[in-house]
Asker: 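Handing you this structure, nothing more for now.
Because only heavy atoms are used, hydrogens play no part in the values below, and waters and symmetry mates are left out as well, while side chains stay in. On a predicted model such as this, the values are computed, not experimentally measured, just so you know. Order of the sequence lines fixes the chain letters, A, B, ..., with proteins taken first and strands second; residue numbering starts at 1 for each chain.
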There are 2 protein chains.
Amino acid sequence: MRQATGEKPNCEATEAQLRRSLEAAGWRFTKQRAAVFNCLCSADCHPTAEQVYQAVRSVIPNISLATVYKALETLVDAHLAAKLADADGPARYDCRSDAHYHFRCLETGQVRDLPLPYDEHLLDKLDPALVDSLRRQGFHVTGHRLELVGHYQNV
Amino acid sequence: MRQATGEKPNCEATEAQLRRSLEAAGWRFTKQRAAVFNCLCSADCHPTAEQVYQAVRSVIPNISLATVYKALETLVDAHLAAKLADADGPARYDCRSDAHYHFRCLETGQVRDLPLPYDEHLLDKLDPALVDSLRRQGFHVTGHRLELVGHYQNV
DNA sequence: ATCGATGCAAAGCGTTTGCAGGGGT
DNA sequence: ACCCCTGCAAACGCTTTGCATCGAT
């Protein structure tokens, strides 16, 4: 975990902004949800529910793991976070909900955001006629998920 | 599930070929492993362990779900299949182990292979200087996973 | 005051494991 | 004959749920 530095979209969200987003989605603002959200935003790579739980306990010692899971689900529902599947092992949570790409370290399993914009025309770059060709075969493509894999070496 | 039509790489594998691949990886040939492999190859979209179990029971009625899981793990180890993560819900199994792309139907959750070659130069097409730029930020990219999403409408 | 959120414990689901007996080499 | 594999059942890890109480509006 690192301190929030304002690099990530949601990180600048003040408590008031978080409250507005939650209420806009029909949820109440609670300190548990705020703590979970702040944990996600200050993490340098996308944590698991258990990692969020351990981190948040230093702020709210008696929070329960079930509450962490419910808070994460609430944040996802309010489009304040996204849930990322993991082939083996627990899911990871990302405080960005906009379309973007991820990097997965094959050595540690860590998942990070890539400083790379979502490219709506990726398929055209692969092959300009691709989407039409796929549609003729029954595949109606509305988006894509790209994950780069390798290893991460902090500099 | 559909009948094997020979379109998929592993589908032409005779029992003898399957035996050779298993033994090359240090495993024995058993009818349970053969039945599980045949089920994967004849499926029109990548099944879950439970779906394999239900399908294989018509061939080996007393097979256990644990054996199906072990057979799938064995096939993955022998590079005769691959395991695909699912955001929510069980994993899916693919009788191809070469790098290729998938299509995920957002309505049914079904996953299919795409008739699309793996493009090693995808990142260069996104941006020729991308890999170098990422490496300077600590991301050492060795491959990528691309999944197209949308809905599938059989024609 | 109302009604949603929390914390706890128990249940749930997909998957893995331990083990005695059966089957492949 | 050896030892791996199977089938059964129990355990497992991650996640969700039921419920009484607490807290936000």
Asker: I want to verify a distance call: between dT15(D), dC8(C), dT17(C), whose nearest atom is closest to the Lys70(B) side chain?
Answerer: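 Shortest atom-to-atom distance from the side chain points to dT17(C).
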
Asker: Determine: side-chain N/O of Thr67(B) to OP1/OP2 of dC5(D), distance under 4.0 Å, yes or no.
Answerer: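 For Thr67(B), the contact criterion (side-chain N or O under 4.0 Å from OP1 or OP2 of dC5(D)) is not met.
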
Asker: Taking atom P of dT25(C) as reference, at what distance in whole Å does atom CD of Glu23(B) sit?
Answerer: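 Nearest whole value for this atom pair: 6 Å.
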
Asker: Please state whether the phosphate of dA24(D), meaning OP1 or OP2, lies under 4.0 angstrom from any side-chain nitrogen or oxygen of Arg19(A).
Answerer: no

Asker: With a 4.5 Å heavy-atom cut-off, do Tyr152(A) and Arg112(A) have their side chains touching?
Answerer: yes

Asker: Can you tell me the distance, in whole Å, between the CZ atom of Arg33(B) and the P atom of dT6(D)?
Answerer: 5 Å

Asker: Please check the phosphate of dT6(C) (OP1 and OP2 only) for any side-chain N or O of Thr30(A) closer than 4.0 Å.
Answerer: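 Yes, because at least one side-chain N or O of Thr30(A) sits under 4.0 Å from OP1 or OP2 of dT6(C).
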
Asker: Is the phosphate of dG23(C) approached by Gln32(B) (side-chain N or O, under 4.0 Å from OP1 or OP2)?
Answerer: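 The answer is no; no side-chain N or O of Gln32(B) sits under 4.0 Å from OP1 or OP2.
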
Asker: Side chains of Arg92(A) and Pro47(A): does their closest heavy-atom pair fall under 4.5 Å?
Answerer: no

Asker: Heavy-atom nearest nucleotide on DNA chain D for Ala49(A) versus Gly26(B): which residue maps closer to 5'?
Answerer: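 The residue mapped nearer the 5' terminus is Gly26(B).
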
Asker: To the nearest Å, how far apart are Tyr69(B) OH and dT15(C) C1'?
Answerer: 5 Å

Asker: Return yes when atom CD of Glu120(B) has more than 12 non-hydrogen atoms of other residues, nucleotides or ligands closer than 6.0 Å, and no otherwise.
Answerer: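 No - once you tally the heavy atoms of other residues, nucleotides and ligands closer than 6.0 Å, there are 12 at most.
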
Asker: Pick base, sugar-phosphate or nothing for Ala71(A), based on heavy-atom distances below 4.0 Å to the nucleic acid.
Answerer: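 Contact class for Ala71(A): none.
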
Asker: Tell me the interatomic distance from Lys31(B), atom NZ, to dG22(C), atom P, rounded to whole angstroms.
Answerer: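 Rounded to whole Å, this separation is 14 Å.
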
Asker: Measure from CG on Leu22(A) to P on dT25(D) and round the result to the nearest Å.
Answerer: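 One finds 10 Å between P of dT25(D) and CG of Leu22(A), rounded.
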
Asker: Of the nucleotides dT15(D), dT6(D), dC8(C), which one has an atom closest to the side chain of Ala66(A)?
Answerer: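 Of dT15(D), dT6(D), dC8(C), dC8(C) is nearest to the side chain of Ala66(A).
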
Asker: Are Arg33(B) and Phe37(B) side-chain neighbours, meaning at least one heavy-atom pair lies under 4.5 Å?
Answerer: no

Asker: Calculate the interatomic distance between Tyr53(A) atom OH and dT15(D) atom P; express it in whole Å.
Answerer: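 Tyr53(A) atom OH is separated from dT15(D) atom P by 14 Å.
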
Asker: Grab the CZ-P distance between Arg28(A) and dG23(D) for me, whole Å please.
Answerer: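 It is 13 Å, rounded to the nearest whole Å.
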
Asker: Could you tell me how far apart Glu73(B) (CD) and dC5(D) (P) are, to the nearest whole angstrom?
Answerer: 11 Å

Asker: Over 60° means perpendicular and under 30° means parallel, so tell me whether Tyr118(A) and Tyr101(A) are parallel, tilted or perpendicular.
Answerer: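 Tilted.
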
Asker: Given dT25(C), dC8(C), dC5(D), identify the nucleotide with an atom nearest to the side chain of Trp27(B).
Answerer: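 That would be dC5(D).
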
